[in-house]
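Below: one structure, written as structure tokens.
Quick note: numbers below take in every heavy atom, side chains included, and nothing from hydrogens, waters or symmetry partners. Sequence lines set the chain letters: A, B, ... in the order given, protein chains first and strands last, and positions in each chain run from 1.
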Protein chains: 2
Amino acid sequence: MTRPRPLVPRPDPADAIGVVGEFGLIARVLARSGSARVAEVGPGDDAAVLRAPDGRVVACTDVLVEGRHFRRDWSSAEDVGHKAAAANLADVAAMGAVPTALLVGLACPADTPAVWLEGVADGMAAECAPFGAAVVGGDTVASAPDSSSVVLSVTALGDLGGRAPVRRDGARPGDVVAVAGRLGWSACGLAVLRRGFRAPAAAIAAHRRPTPPYAAGPAAADAGATSMCDTSDGLLADAGHLAADSGVGIDLDRATLAAFVTGPLPQVAAALGGDPLGWVLTGGEDHALVATFPPTAALPEGWTVIGRVHDDASGVEVDGVPAAQVAADLGEGAGHVHFG
Amino acid sequence: MTRPRPLVPRPDPADAIGVVGEFGLIARVLARSGSARVAEVGPGDDAAVLRAPDGRVVACTDVLVEGRHFRRDWSSAEDVGHKAAAANLADVAAMGAVPTALLVGLACPADTPAVWLEGVADGMAAECAPFGAAVVGGDTVASAPDSSSVVLSVTALGDLGGRAPVRRDGARPGDVVAVAGRLGWSACGLAVLRRGFRAPAAAIAAHRRPTPPYAAGPAAADAGATSMCDTSDGLLADAGHLAADSGVGIDLDRATLAAFVTGPLPQVAAALGGDPLGWVLTGGEDHALVATFPPTAALPEGWTVIGRVHDDASGVEVDGVPAAQVAADLGEGAGHVHFG
């Protein structure tokens with residue numbers, strides 16, 4: 001379904017979207033988008049009409065900006081589509097829901113190759129397909145006159161299937177803290193790309209196309225998770241959201257987290273110098289899920305206990321050391337800062 | 001609720017969003033957003049959870065780019081918020097639905113005053129409030145490194161209240177074509193601003209804050225409208241969408257449309273030179289609604305018959321003259337072209 005293409009397509013002036021035009025572009029992109037199982041009216045009208053089987057709809061928006069969240073010479077169009085979809089689908093999963101549809105707002109320069117946008121559509125379609133989800137609408141406009149960068153704003157919708165949504169504010173003292181998915185792989189891949197390397201492949205791939213543990217979200221909800229969020233800002237920062245919103249403290253176990261230093265992390269850290277635990281604790285964009293469960297809950301497959309909730313609202317600590325201190329000792333910031 | 005502010009706030013370095021930071025900014029903006037009647041989980045979690053009373057949800061996305069769809073020296077922050085919301089709420093109305101919630105993806109330079117974004121939030125909240133709708137989520141990120149422009153991608157959700165959605169493809173030969181709302185006022189205001197004038201106020205206001213006839217959408221659905229869309233690209237272009245998607249022809253009545261040359265249009269056209277009918281036929285962004293109804297339908301309040309549907313799929317004509325020719329004779333393009 002996804003044809004391989006070079007990362008930076010050879011520019012064909014006749015294929016620039018300014019030449020193809022809005023309606024030609026929309027037709028070409030929609031032809032690749034698949035169709036959403038819940039769609040009663042799909043793309044091409046003023047709005048889509050989607051069935052909401054649960055009687056409620058889950059909705060979130062995430063923005064990706066070229067030069068900040070991706071680079072067209074580091075990621076293929078398909079990679080960018082996968083990544084933009086994954087960032088949103090993980091937020092849906094983090095509520096305990098299953099994705100149903102995406103809407104895409106896109107600002108791009110008039111010389112953007114239409115074939116590049118087809119690649120983005122392919123990547124999104126592939127990321128959505130396992131759920132029967134698809135892009136059901138959106139808008140494509142020219143970038144600001146002062147910009148030659150792509151801005152991609154994706155809205156994901158999802159269905160709870162009768163589950164109670166798992167919020168960030170329900171953690172209770174005595175709960176266990178657990179994580180599902182990879183930690184630090186995307187940050188490791190970004191470190192590799194920044195130094196100009198293109199290997200190891202596993203690290204690069206993790207940065208280009210995160211693989212969030214989507215099924216772990218609804219499974220956690222079914223297992224009684226008391227709070228949950230995705231780790232788009234990094235584990236320490238996102239566990240901090242659960243602690244702050246729930247009015248509790250979280251103590252993480254360093255030895256358990258050290259076991260997440262796997263795959264390409266040890267090798268890359270040794271080559272570049274530095275402690276790979278920094279990526280595990282502060283690296284965002286893997287979109288792992290972090291949740292709290294009652295101490296008696298049977299954790300679903302894929303979840304690993306990494307700490308405990310206590311009643312002293314002192315934020316997040318690792319073996320009793322405050323998160324900011326731990327991050328500083330590892331040479332990392334405390335998390336992703338969007339305007340830093 | 002909306003405090004008046006100068007169009008371009010005096011820059012206060014301490015109030016730049018790069019200084020205020022993402023979480024400070026989110027807190028300030030959300031404090032102004034009101035709450036959506038359908039929200040079970042509002043902003044601040046991974047995703048919002050919204051009731052969908054109809055069992056279906058209507059969803060659409062529209063992108064506004066600074067320098068293309070608005071200018072910060074021509075429109076206040078509140079104006080931009082009103083306009084971004086209105087463009088999306090009109091699409092919801094054009095399906096026969098009532099808006100319930102907005103999600104906002106925002107890319108803006110780090111030196112953007114936080115007070116400017118508060119103004120945008122105020123404008124959106126005010127435009128949504130009559131429906132019990134509100135902003136329920138979103139994402140704010142720094143603009144691309146090469147850009148000092150704001151990009152605003154808004155997704156609107158709506159509820160059909162049991163109505164069948166009114167699509168673009170249901171017009172039948174013999175139907176009447178009707179319009180609700182103003183035509184050409186926004187284009188007239190833009191023409192005034194482009195010449196450096198700041199009057200007449202009615203034209204400027206129409207460009208800054210369109211006033212779509214929201215209630216006319218569900219009313220048209222209840223009255224049996226066979227097709228409908230909003231006129232964001234201009235009447236000729238958008239009637240063309242109904243004709244093309246329905247496989248019919250549409251003939252509009254020039255004398256009836258001439259009666260839409262009202263308000264500031266005659267005066268401004270006389271001052272600037274040109275035929276104000278050009279704005280009526282090709283001006284976008286007023287977000288009037290155009291629809292077709294069975295010939296026996298009783299048209300709801302606010303709808304005016306402007307033409308007829310026939311079975312010759314010849315696109316849109318005005319008194320038998322093809323739309324492109326009519327537009328060219330009036331010195332206007334055939335509609336809004338996004339990459340022109």
Side-chain angles (χ1 to χ4, degrees), chain A residues 17-18 21-22 40-41 44-52 55-63 65-69 91-92 94-95 97 101 103-107 110 136-149 151 153 155 157-158 160 165 167-168 229-230 245 337-339, chain B residues 17-18 21-22 40-41 44-52 55-63 65-69 91-92 94-95 97 101 103-107 110 136-149 151 153 155-158 160 165 167-168 229-230 337-339:
Chain A
I17 60 172
E22 184 189 11
E40 185 174 313
V41 176
D45 216 303
D46 291 83
V49 180
L50 309 166
R51 289 185 295 279
R56 297 168 296 180
V57 64
V58 171
C60 59
T61 294
D62 233 56
V63 183
V65 173
E66 182 178 359
R68 298 202 183 273
H69 304 93
D91 282 327
V92 169
M95 299 305 290
L103 295 105
V104 182
L106 181 65
V136 297
D139 190 21
T140 304
V141 302
S143 296
D146 68 352
S147 177
S148 56
S149 301
V151 176
S153 179
T155 297
L157 304 180
L160 282 159
R167 306 170 57 136
R168 296 180 170 195
C229 70
D230 107 311
D245 289 5
V337 178
H338 288 215
F339 298 110
Chain B
I17 60 172
E22 185 190 10
E40 185 174 314
V41 177
D45 217 303
D46 291 84
V49 179
L50 309 166
R51 289 185 295 280
R56 297 168 298 180
V57 64
V58 171
C60 59
T61 295
D62 233 55
V63 183
V65 173
E66 182 177 0
R68 299 203 183 273
H69 304 93
D91 282 326
V92 170
M95 299 305 290
L103 295 104
V104 182
L106 180 65
V136 297
D139 190 20
T140 305
V141 302
S143 296
D146 69 350
S147 178
S148 56
S149 301
V151 176
S153 179
T155 296
L157 304 179
L160 282 159
R167 306 169 56 135
R168 295 180 170 195
C229 70
D230 105 310
V337 179
H338 288 213
F339 298 110

Region of B:E40 in contact with chain A, defined by heavy-atom distances below 4.5 Å: both
Contact origin within B:P165 toward chain A - heavy atom pairs under 4.5 Å: side chain
Straight-line distance of B:D139 CG to A:T61 OG1, nearest 0.5 Å: 8.0 Å
Set of residues satisfying side chain to side chain contact (heavy atoms under 4.5 Å, CB included) with respect to A:R167, sequence neighbours excluded: A:D169, B:V41, B:D45
Between A:C229, A:P145, A:G105, the one whose heavy-atom pairs under 4.5 Å with chain B are most numerous: A:P145
Side chain proximity check, B:M95 to B:C60, heavy atoms < 4.5 angstrom: no
Interchain contact, B:V65 with chain A, by part (heavy-atom threshold 4.5 Å): side chain
Donor-acceptor contact below 3.5 Å, side chain B:D46 vs main chain A:D230: yes
Point-to-point distance, once rounded to the nearest 0.5 Å, from OG of B:S149 to CZ of B:R68: 9.0 Å
Set of residues satisfying side chain to side chain contact (heavy atoms under 4.5 Å, CB included) with respect to B:A59, sequence neighbours excluded: A:L50, A:L103, A:L157, B:L157
Options A:L160, A:V58, A:V63, ranked by heavy-atom pairs under 4.5 Å with chain B, top entry: A:V63
Top contributor to chain B interface from A:G138, A:A94, A:A47, A:A107 [non-hydrogen pairs under 4.5 Å]: A:A47
Most contacts with chain A, counted as non-hydrogen pairs under 4.5 angstrom, among B:V92, B:L106, B:T155: B:T155
Chain A contact via B:V104 - which portion, at a heavy-atom distance below 4.5 Å: backbone
Chain A contacts, top residue of B:G67, B:A48, B:S153 (heavy-atom pairs, under 4.5 Å): B:A48
Residue B:V49 versus chain A: region with a heavy atom under 4.5 Å: both
